[in-house]
Amino acid sequence: MKLAHTTKTAVLAGMVLAGGILTASAQTTLTVTHSSPADSHFGLAAAAFKKVAEEKSGGTLNVVIQRMDNEREALESVQFGSQECAMGSAGPLGNFVAETRVLDVPFLFDSYDHARGVLDSDVGQELLALFPARGLYGVAWMENGFRNLTTGSKAVNSPEDLRGMKIRTMENQVHMQAWQAAGVLPTPMAFSELPSALQQGTVDGQENPIPVILSNNLDMMQKHLYLTRHVYSPGIFVCNPDFIAGLTDEQKAAVEEGGKAASAANRARVEQDESAGIETLRTRGIEVVEISDRDAYREAMASANAGFETQFGAELLQRIRDWKAQ
């Protein structure tokens with residue numbers, strides 16, 4: 001009897017072990033990359049996604065967060081299926097879904113409420129609906145915030161002072177066209193190359209939202225910060241469409257819920273960094289210049305507008321500008 005009991009116990013233990021192995025093998029790994037430190041607007045978004053997606057999937061999703069500095073390469077990896085998901089700036093997204101470049105038109109959005117409202121409206125959903133045909137699945141809109149100009153030794157007292165300056169931009173044609181209209185020599189490069197370019201003087205300055213400047217210590221390589229708020233910089237959370245299609249309904253719902261949580265965490269941190277970040281940057285020693293006449297910068301870039309209307313449609317641009325909360 002004792003031997004029989006021992007054998008039965010061993011069999012039960014084996015069944016539990018086997019069950020454990022089956023559970024582990026049934027778990028789906030989802031790797032999501034982003035380009036910022038863990039304690040940043042994208043780092044916190046990734047953490048929020050992991051928490052909610054794993055919980056809502058009943059533990060069948062295992063979310064692995066990794067850092068990948070080159071955002072264009074991250075999008076390519078998702079498109080090719082070599083990684084499942086990525087979140088980051090929407091700037092390089094235009095190379096994959098050209099229609100999203102409309103969001104980069106200068107002075108298109110008046111405020112965060114305006115920008116977020118448009119992205120959360122039919123306009124944002126219509127853009128996301130274009131993603132699968134380009135090898136991407138749009139989970140949620142995120143943000144970097146409004147972009148501001150920084151320079152090193154060269155000061156900018158008016159848009160006229162920008163003429164001939166080399167300003168690093170994202171690899172984004174809309175940004176480049178707008179800066180060219182203002183007489184700037186836009187110098188596109190991957191974000192990972194920016195710190196060394198600033199240190200070596202390859203470029204005279206750069207433009208990024210406050211959270212990006214702050215979390216990546218770009219102020220350590222610049223002397224002046226100009227609060228131009230010339231472009232709202234969206235963020236994007238994408239996954240591979242085939243990967244999403246292979247998930248269970250419960251897992252798909254978990255990804256969507258996780259995406260909402262990620263977007264909320266991202267936007268909340270941007271608000272926090274925007275309000276506190278400017279003062280933090282001041283205390284670090286960078287000169288912060290509030291731009292009272294943003295219209296001067298709007299006018300400096302205005303000659304690019306005709307091209308944007310041809311490219312994106314005057315009706316869509318007006319639809320975005322006229323958006324109002326319901």
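With rounding to the nearest 0.5 Å, the separation of OG in S158 from CG in D293 is 10.0 Å. Separation of atoms CD1 (I65) and CE (M87) is listed at 7.5 Å; rounding is to 0.5 Å. Rounding to the nearest 0.5 Å gives a distance of 3.5 Å between CD of Q222 and OG1 of T150. Going from atom OH of Y297 over to atom OH of Y226 covers 7.5 Å, rounded to the nearest 0.5 Å. The structure places SG of C85 at 13.0 Å from NE2 of H34, a figure rounded to the nearest 0.5 Å. Going from atom CG of L317 over to atom CG of N305 covers 8.0 Å, rounded to the nearest 0.5 Å.
In this structure the side chain of K154 never reaches within 4.5 angstrom of the side chain of H224, judged on heavy atoms. Contact of the L149 side chain with the L162 side chain is registered, since non-hydrogen atoms from C-beta on lie closer than 4.5 Å.
No donor-acceptor pair under 3.5 Å is formed between the side chain of R101 and the backbone N or O of Q173. Remark: side-chain polar atoms of D204 are not paired, donor with acceptor, to backbone N or O of I167 under 3.5 angstrom. Not a single donor-acceptor pair under 3.5 Å links the side chain of N266 to the backbone N or O of A262.
Counting only N and O atoms by type, the side chains of Y112 and E143 include no donor and acceptor under 3.5 Å apart. Between Q251 and T60, the side chains place a donor N or O and an acceptor N or O closer than 3.5 Å (distance only, hydrogens not considered). For the 3.5 Å distance criterion, the side chains of T31 and Q83 fail to qualify, holding no donor opposite an acceptor.
Taking all atoms of both residues into account, the shortest heavy-atom contact from P195 to F191 is CD-O, 3.5 Å. Of all the heavy atoms in W141 and G124, the pair that sits closest is NE1-O, 3.2 Å. In terms of heavy-atom proximity, P188 sits nearest to M170 at CB-O, 3.8 Å. When every heavy atom of R147 is checked against every heavy atom of T228, the shortest pair comes out as O-OG1, 3.8 Å. Considering every non-hydrogen atom in both L61 and A53, the closest pair reads CD1-O, 4.1 Å. Taking both residues in full, the closest heavy atoms of V78 and N240 are given as O-ND2, 2.8 Å, listed atom of the first, atom of the second, then distance.
Within a 6.0 Å sphere centred on CD of E315, other residues, nucleotides and ligands contribute 12 heavy atoms or fewer. Environment of NZ in K50: crowded, with over 12 heavy atoms of neighbouring residues, nucleotides or ligands closer than 6.0 Å.
Taken together through direct or relayed side-chain contacts under 4.5 Å among Ile, Leu, Val, Met, Phe, Trp and Tyr, V288 and F146 form parts of separate hydrophobic clusters. In this structure, W179 is a member of the same hydrophobic cluster as F107, with clusters built from ILVMFWY side-chain heavy atoms closer than 4.5 Å.
Taking the six-membered ring where the residue is Trp, H114 and W323 present parallel rings, their angle staying beneath 30° rather than reaching 60°.
Taking 4.0 Å as the cut-off between side-chain N and carboxylate O, E271 and R267 do not count as a salt-bridged pair. Ion pairing of D69 with R67 is present here, as a side-chain N (NZ or NE/NH1/NH2) and a carboxylate O approach within less than 4.0 Å. Salt bridge D39/R269: present, at least one basic N to carboxylate O contact under 4.0 Å.
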